[in-house]
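Below is one structure, written out as structure tokens; comments come after it.
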Amino acid sequence: MSGLEEISSDFSSESDELPSSAISGLEDISLDDVSGLEEKQHTASPSHMLVAAIDFGTTYSGYAFKMKHDGPKGMYIKSWNEEAGSSCLPSEKAPTCVLLTADGDFKSFGYQAEREYCDCENHKEWRFFKHFKMVLHRKEGLNSETTIEDTEGVEMSAKKIFTHCIKYMKDDLLKMVRKKKVEAGFMDDNILWVITVPAIWEEPAKQFMRAAALDAGIKGHNLMLALEPEAASIYVKEMDLQVHKDLNESHLSAFSPGTKYMIVDLGGGTVDVTVREVLPDRSLKEITKASGGAWGGLHVSEKFRQFIQDLVGQKLMDDFKKRHPVAHLELEREIERKKRNLKGDESLKITINLPAELLELFEEKKGKSLAEFVNSSGRYREIVDVKNERLRIDMKTTLRMFKPAVDSILDHIEELVSNPVTQGLRNIILVGGFSDCKIIQEAVKEKFKRFRVVIPQEAGLAVMKGAVLFGHNPLIVSERVSPFTYGTKQLRYFLEGDPVEYKTEINGVPYCKNVFNTLAKSGETFRLGQRVTTDVAPVHAKQTQMPVILCQSDNPDQNYFDKNCKEIGTLIVDMPDTTGGLQRTVDVSLAFGETELHVTGCDRSSKKNVSVTIDLLTKK
């Protein structure tokens, strides 16, 4: 679907006494006019001398920045090795965790937060949060008052937690910029900030992240959101692919116009998949809507932790975590290391180094060593053995821990490559931290032998680096696909064929309620700057604001608001000049081809711009 067809958009709320008769369709604007959209997010301002990207991940986060006039090699990436210490893997990202006081004040972030939490004598005096980003993934009822539980089960404002993390990385980045003395006269307002978000996130989650960034001190006109697989696709396209590792032992040349390629962003929490095509002007066109699911590496790590917990017993594991938090943290790191470096050879066993504290506690509680318990167990004797503080698990058991995630990833890729719109696709590119996992690599290679399966060097940094490149050239993605069907919940005259249960009468006139007024269809392509325009009229003569309920559905042919739909927020249309009474009209334009949903308004009579805001986070 081209996105150029006319869309009927009678824009009114269910409380309308008389719906307006709207004339609408898709209004096209040239890329030269893109900067006129809300918050001017499509072109970087000339005052933006530096682009700073924060890659906010489920398990690991980091940042990078680059001056506007520097080449690709001028990109600076934060190294966390000093904070990590010698016991951790060399890292250009830090664990996404934060330590707060009992009152919610910031204490520390990342490796330092882990260390300080482990060292504190009374954990109840502190609030420690980790792996909390997943609360934004398809969270029903997400709003500004949503809370997250810490490790002790105490709830705290989710927005405050995200804000603390963003503020720490922002402030740390600014210290690095000033330390490097990038340019005389440099001001904080000269920075364009780019924060990464999963492409499969819904609009309320994106607005939540933007609100947290604003609270962290990043001004709205200096902030862009970058879709994670989209950022990775930009990095892959722009970098020299000749130096990338190809699992099929062939090499990709730089992508030429017409090339289609799939980006599989394997993160800690989610897996994001998109398919792109390089256009003649070297810009990128999204040809399938962003898709994926909660199949990231975090879930495999949880399978390993659950296996060890089942082996020693939940009560003992809880006691171990409470008594020896540092050793418990080291066990989690050990699982992370082994998860990434496993090879899918069924003749091998996987070795996990167990903390001495766990083995000693087991012997204290059970009266026998873990090795003796395993040797006497009919359940575990054939699949594991314990020797010299090492737990060895057979590969078949290990592969079962990966199976749910691997099967979901393979099935989803298969569904996409079978789609007629991806015909001609030859390249599958794995990025994200979970792409380092050998089992994932080999599973994709084996399943899709007819494709070139490529892993860029530093695949875990592809999103971060691509976000910096995107900030320098936001026009590089010229077409996007709507992930959902968007519309408004509307009341209109009752028509033949409308469901009888939706029929209502006002002053003796039959109306149909719960009408889904479609604005954009799921899978529909929108060019950058292309807008859906509709009109809004007041219900009352002195009305100064018009609220319009915004809805979404997965069904491209949604006609009525039913169980397949949900309200995601409200459009608030300002109509301050009441002199026209009921004859006033505001043309509302929505841009669906951006990383976020943007909206503008113009009074039809005066031709003056009016404020139209999208409220997606008000508690309902």
Side-chain angles (χ1 to χ4, degrees), residues 52-65 78 80 82-84 91 93-120 122-137 139 142-177 188 191 193-198 201 204-220 222-225 267-269 298 325 329 464 467 617:
I54 296 176
D55 184 8
F56 198 120
T58 301
T59 52
Y60 290 94
S61 297
Y63 66 75
F65 62 84
K78 161 76 173 183
W80 300 87
E82 184 176 341
E83 291 90 336
S91 180
K93 290 186 180 181
T96 307
C97 56
V98 62
L99 182 64
L100 309 179
T101 68
D103 294 329
D105 295 328
F106 179 81
K107 181 66 171 65
S108 52
F109 173 83
Y111 289 108
Q112 186 176 351
E114 287 184 338
R115 188 162 50 250
E116 291 182 350
Y117 178 67
C118 290
D119 291 344
C120 67
N122 186 358
H123 289 162
K124 294 187 182 299
E125 295 180 355
W126 300 93
R127 307 275 76 87
F128 183 67
F129 298 89
K130 64 187 302 184
H131 301 158
F132 49 83
K133 183 182 173 185
M134 288 299 289
V135 75
L136 301 187
H137 176 64
K139 169 71 175 177
L142 177 68
N143 59 72
S144 56
E145 298 178 29
T146 295
T147 59
I148 301 174
E149 286 189 359
D150 73 347
T151 52
E152 300 293 323
V154 178
E155 292 188 349
M156 190 168 284
S157 164
K159 188 179 176 186
K160 177 179 289 188
I161 296 163
F162 278 85
T163 296
H164 281 310
C165 293
I166 294 172
K167 187 176 188 304
Y168 174 83
M169 286 188 278
K170 173 184 74 75
D171 291 346
D172 197 57
L173 187 152
L174 290 174
K175 290 178 185 177
M176 292 294 177
V177 170
D188 291 357
I191 299 177
W193 295 89
V194 182
I195 297 181
T196 65
V197 297
W201 269 8
K206 296 177 187 177
Q207 189 174 98
F208 183 98
M209 186 64 86
R210 171 171 283 274
L214 292 174
D215 286 352
I218 299 176
K219 297 178 181 178
N222 283 357
L223 175 63
M224 295 176 61
L225 299 186
L298 180 64
L329 174 60
M464 187 192 304
L617 296 176

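Note that the structure is a prediction, hence the values are computed from the model and not measured.
In this structure, T163 and A212 approach most closely via the heavy-atom pair OG1-O, 3.3 Å. Across all non-hydrogen atoms, the minimal contact from A113 to S108 is CA-OG, 3.2 Å. When all heavy atoms of Y63 and M176 are compared, the pair lying nearest together is OH-CG, 3.2 Å. Residue A52 comes nearest to L173 through the heavy atom pair CB-CD1, 3.5 Å, listed as atom of the first residue, atom of the second, then distance. The shortest non-hydrogen separation linking Y60 to K93 is CB-CB, 3.8 Å. Taking both residues in full, the closest heavy atoms of A94 and G110 are given as CB-CA, 4.3 Å, listed atom of the first, atom of the second, then distance.
With sequence neighbours excluded, the residues that form a side-chain contact (heavy atoms from CB on, under 4.5 Å) with A53 are V194, A467, V468. Residues satisfying the side-chain contact (heavy atoms from CB on, under 4.5 Å) test with E145, not counting sequence neighbours, are N143, K619. Residues satisfying the side-chain contact (heavy atoms from CB on, under 4.5 Å) criterion with A213, sequence neighbours excluded, are I166, I195, I218, L223. Remark: T96 engages F56, S61, F132 in a side-chain contact (heavy atoms from CB on, under 4.5 Å) (not counting sequence neighbours).
Within the 3.5 Å criterion, the main-chain N or O of G268 finds no donor-acceptor partner in the side chain of H131.
Within the structure, every pair that satisfies the salt bridge (charged side-chain N to carboxylate O under 4.0 Å, His left out) test and touches residues 98-108, not counting sequence neighbours, is listed here: K107-E116. Sorted by first and then second residue, the pairs that involve residues 153-164 and meet salt bridge (charged side-chain N to carboxylate O under 4.0 Å, His left out), not counting sequence neighbours, are K159-D215.
Atoms OH and CG, from Y117 and L99 in turn, are 8.5 Å apart once rounded to the nearest 0.5 Å. Annotation: the span from Q207 atom CD to W201 atom CH2 amounts to 13.0 Å, rounded to 0.5 Å. Atoms NE2 and CE, on H164 and M156 in that order, are 7.5 Å from each other to the nearest 0.5 Å. Separating the CG atom in L100 from the CH2 atom in W126 is a distance of 9.5 Å, to the nearest 0.5 Å. Atom CE of M209 is separated from atom CG of L136 by 6.0 Å, given to the nearest 0.5 angstrom. Taking OH of Y111 as the reference point, atom CG of L329 lies at 10.0 Å (rounded to 0.5 Å).
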**Q.** Residues I191, F65; criterion side chain to side chain contact (heavy atoms under 4.5 Å, CB included); working and verdict
**A.** CA-CA 9 Å; I191 299 177; F65 62 84; over 6 Å; no
Q: Could you walk me through whether K78 and M464 pass the side chain to side chain contact (heavy atoms under 4.5 Å, CB included) test, one step at a time?
A: CA-CA 11 Å; K78 161 76 173 183; M464 187 192 304; over 6 Å; no
Q | Trace of the side chain to side chain contact (heavy atoms under 4.5 Å, CB included) decision for F109 with D172 | A | CA-CA 11 Å; F109 173 83; D172 197 57; over 6 Å; no
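Annotation: side chain of K130 is not in contact with side chain of P95 (no heavy-atom distance under 4.5 Å). The shortest side-chain heavy-atom distance between E125 and C120 does not fall under the 4.5 Å cut-off.
Taking a cutoff of 4.0 Å between a charged side-chain nitrogen and a carboxylate oxygen, K167 and D171 qualify as a salt bridge.
Partner of I161 under the side-chain contact (heavy atoms from CB on, under 4.5 Å) criterion, chosen from D150, I148, T147, V135: I148.
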